[in-house]
Amino acid sequence: KGLGGKGPQRAPRIPSEFSPEERVTMKESLKGAIQIPTVSFNPGEYNTTALAEFGQYIREVFPTVFKTSFIQHEVVGEYSHLFTVQGSDPSLQPYMLLAHIDVVPAPDQGWEVPPFSGLERDGFIYGRGTLDNKNSVMAILQALELLLIRNYIPRRSFFIALGHDEEVSGANGAQKISALLQARGVQLAFIVDEGSFILDGFIPSLNKPFAMISVSEKGSLNLMLQVNMTPGHSSAPPEETSIGILAAAVSRLEQTPLPNMFGSGLPEMMLQQLATEFSFPVNIVFSNLWLFGPLVSRLMERNYITNALVRTTTAITMFKAGIKVNVIPPMAQSTVNFRIHPAQTVQEVLELVKNIVADDRVQFHVLNAFEPLPVSPSDDQALGYQLIRQTLQSVFPEVNIVAPGICIAQTDSRHYAHLTTGIYRFNPIYLTPQEFRSIHGINEKISVRNYETQVKFIFEFIQNADTDQEPVSHLHEL
Ligand SMILES: CCCCCCCC/C=C\CCCCCCCC(=O)N[C@@H](CCCCN)C(=O)O
Ligand SMILES: [Zn+2]
Ligand SMILES: [Zn+2]
């Protein structure tokens with residue numbers, strides 16, 4: 001299954017073996033990157049000093065990348081970086097590797113070590129950005145640096161785009177890079193971005209890890225609900241206040257989950273592909289979803305992570321009301337963050353929400369919205385998907401399950417959707433449910449081993465992408 005071909009690769013293969021000195025350098029470089037607090041607070045509100053420092057830092061630790069004649073480096077939107085690596089064979093369509101430099105804030109509370117210390121403990125490097133997503137920023141540039149030191153010359157051109165505001169929209173980074181590439185007439189064979197992992201321990205009855213390559217991404221809707229009422233003296237209150245009305249409205253939303261969409265897409269495909277890995281009777285259940293679909297969909301709802309795969313989720317994230325203890329509040333506002341399932345649209349979610357709230361006194365203001373992303377191909381012809389599979393086989397021979405999935409969060413790749421039909425969100429590192437909770441949470445950390453393997457994966461991936469082989473259909477025996 002997968003990549004077949006017209007002939008062998010032309011360039012000799014460079015083995016992904018790194019010296020002890022190189023291994024020390026790569027982990028120290030990651031620690032240095034973590035120590036630069038490139039925090040995004042709000043759209044347009046970033047630590048610009050840190051972002052500028054980060055730009056200098058990558059020049060220092062990856063000198064070969066910056067001095068190689070066939071690599072063009074551009075700073076876009078002041079702090080984002082675009083590298084154009086010119087391949088020797090213009091007949092091969094270029095691809096792009098994405099990552100982001102910025103991180104979400106990390107107050108010290110609850111951390112075992114300060115979040116911007118980059119300290120190493122028990123084989124782990126701690127800090128904000130170690131999983132999301134400086135690991136990728138550094139691993140991509142590190143792998144390229146190591147390849148260039150070994151006199152590597154790529155055949156297939158590729159881009160590396162490092163956004164500086166992914167955590168707050170991507171409007172000044174990814175969107176500007178995307179516009180630049182579009183103006184240059186670039187069309188990409190595929191994109192690889194963050195957004196999924198080799199999942200370890202996410203499905204209770206599956207006792208081995210599996211690689212989930214996210215081929216779609218949920219949309220989002222940030223909706224502000226507002227209630228205005230006549231203010232007055234609290235000594236003679238009305239029957240209902242703006243706070244009471246709005247609290248009841250958002251409570252109805254929380255108590256009424258949006259429809260379970262299981263049966264209309266990717267999670268079913270994923271479970272069917274995983275079915276043979278389970279023992280009886282789960283294998284029978286997953287391979288006969290036409291019969292057991294309703295049961296499985298209810299089971300998926302019970303866990304908050306798998307629940308996010310089967311429906312548009314509702315999260316009440318902000319509530320603001322009241323101006324003084326003895327004043328009937330004139331206004332109450334609440335913001336609700338919906339993550340939209342790929343089988344629904346922003347408009348459909350809005351209609352459902354209005355029907356659930358069912359109160360004319362509540363006004364709805366769409367703050368911003370983004371439709372779910374189309375499903376990228378994962379068949380034998382899908383070059384990006386097959387290259388990830390192929391590289392997984394050699395770097396992680398112990399991982400023998402690869403399945404397409406949905407990214408439940410948003411990534412910068414959504415801003416490049418008009419440049420390619422193949423967007424694959426996948427980080428080549430192991431992730432446990434506990435580590436999942438550390439992303440945007442506390443004690444985010446990556447094992448040195450995981451990071452080294454991520455560098456190795458990219459080192460091999462870049463070479464695999466040089467093949468003049470094209471994906472071919474799997475020929476079934478007659
Ligand atoms: C049956 C197996 C179930 C597995 C379920 C999935 C496990 C989840 C695995 C990985 C998800 C991690 C996603 C990491 C990427 C995070 C990207 C991010 O934080 N994006 C932000 C962007 C905000 C943009 C401004 N609106 C976000 O989505 O909030
Ligand atoms: Zn991220
Ligand atoms: Zn994030």
Side-chain angles (χ1 to χ4, degrees), residues 18 20 22-41 47 50 53-54 57-58 61 98-143 162-163 166-167 193-202 208-212 214 304-305 395-396 398-399 407-409 411 425-459:
F18 310 127
E22 285 173 332
R23 291 173 59 196
V24 170
T25 305
M26 70 171 84
K27 75 171 179 179
E28 293 305 321
S29 298
L30 176 63
K31 291 178 192 173
I34 300 301
Q35 287 162 2
I36 305 172
T38 51
V39 176
S40 281
F41 298 95
N47 184 341
E53 190 188 335
F54 199 91
Y57 182 70
I58 54 175
V61 291
L98 283 188
H100 64 90
I101 293 165
D102 62 323
V103 296
V104 292
D108 281 355
Q109 292 93 315
W111 283 75
E112 285 169 30
V113 303
F116 296 101
S117 63
L119 276 175
E120 184 179 344
R121 267 199 195 167
D122 304 326
F124 284 84
I125 297 168
Y126 279 72
R128 176 61 84 230
T130 47
L131 293 171
D132 179 18
N133 178 242
K134 281 182 178 161
N135 57 316
S136 297
V137 170
M138 297 303 284
I140 292 168
L141 294 176
Q142 184 69 74
L162 310 176
E166 188 275 349
E167 294 292 1
D193 194 6
E194 65 169 344
S196 190
F197 297 89
I198 302 173
L199 301 173
D200 191 2
F202 281 77
K208 52 180 170 175
F210 78 102
M212 184 172 95
S214 291
Y304 75 104
I305 298 175
V395 180
F396 297 92
E398 72 284 9
V399 177
C407 180
I408 58 175
T411 70
R425 302 146 191 95
F426 179 67
N427 264 328
I429 52 179
Y430 285 98
L431 190 85
T432 63
Q434 190 192 352
E435 286 164 336
F436 170 69
R437 281 186 285 275
S438 76
I439 298 176
H440 291 204
I442 55 170
N443 295 318
E444 186 179 348
K445 61 180 190 286
I446 189 169
S447 71
V448 173
R449 191 186 156 90
N450 246 343
Y451 180 62
E452 281 180 3
T453 317
Q454 183 171 11
V455 174
K456 183 179 164 77
F457 183 96
I458 298 165
F459 188 98

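This structure is a prediction, so every number in the text was calculated from the model and none was measured.
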Any [X] side-chain heavy atom under 4.5 Å of [Y] side chain:
X      : Y      : answer
Gln434 : Ser438 : no
Leu162 : Leu141 : yes
Thr38  : Val103 : yes
Leu30  : Met26  : no
Asn427 : Asn133 : yes
Pro115 : Glu444 : no
Phe116 : Pro114 : no

Residues forming a side chain to side chain contact (heavy atoms under 4.5 Å, CB included) with [X], sequence neighbours excluded:
X      : value
Gln109 : Pro107
Val399 : Ile198, Ala211, Phe396, Tyr430
Ser29  : Thr25, Tyr57, Val61, Met138, Gln142
Leu199 : Phe197, Phe202, Phe210, Met212, Leu431

Atom of [X], atom of [Y] and distance for their closest heavy-atom approach:
X      : Y      : value
Phe41  : Pro105 : CD2-CG, 4.0 Å
Ser196 : Ser214 : CB-OG, 3.4 Å
Ala143 : Val455 : CB-O, 3.7 Å
Ser447 : Phe124 : N-CD2, 3.4 Å
Asn47  : Pro37  : ND2-O, 3.1 Å
Ile125 : Thr130 : O-CG2, 3.5 Å

Let me confirm one number: the [atom1]-[atom2] distance from [X] to [Y], rounded to the nearest 0.5 Å.
X      : Y      : atom1 : atom2 : answer
Asn443 : Arg128 : CG    : CZ    : 9.5 Å
Glu194 : His100 : CD    : NE2   : 3.5 Å
Glu112 : Asp122 : CD    : CG    : 9.0 Å
Phe426 : Ser136 : CZ    : OG    : 10.5 Å
Lys445 : Ile34  : NZ    : CD1   : 13.5 Å
Asp132 : Ile439 : CG    : CD1   : 6.0 Å

- Check: Thr432 main-chain N/O paired with Glu435 side-chain donor or acceptor under 3.5 Å: yes

- Message: If we ignore hydrogens and angles and just use 3.5 Å, is the side chain of Asp102 paired with the main-chain N or O of Ser40 as donor and acceptor?
- Response: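 Not at all, since once roles are kept as given, no pair shorter than 3.5 Å links the two residues.
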
- Task: Please identify each residue that fulfils side-chain hydrogen bond (donor to acceptor under 3.5 Å, both in side chains) with Lys456, with sequence neighbours left out.
- Result: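 Testing Lys456 for side-chain hydrogen bond (donor to acceptor under 3.5 Å, both in side chains), a comparison that skips the adjacent residues, returns Ser16.
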
- Message: List the residues meeting side-chain hydrogen bond (donor to acceptor under 3.5 Å, both in side chains) with Glu120, not counting sequence neighbours, and say none if there are none.
- Response: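 With sequence neighbours excluded, Glu120 shows a side-chain hydrogen bond (donor to acceptor under 3.5 Å, both in side chains) to Lys27, Lys31, given in chain and number order.
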
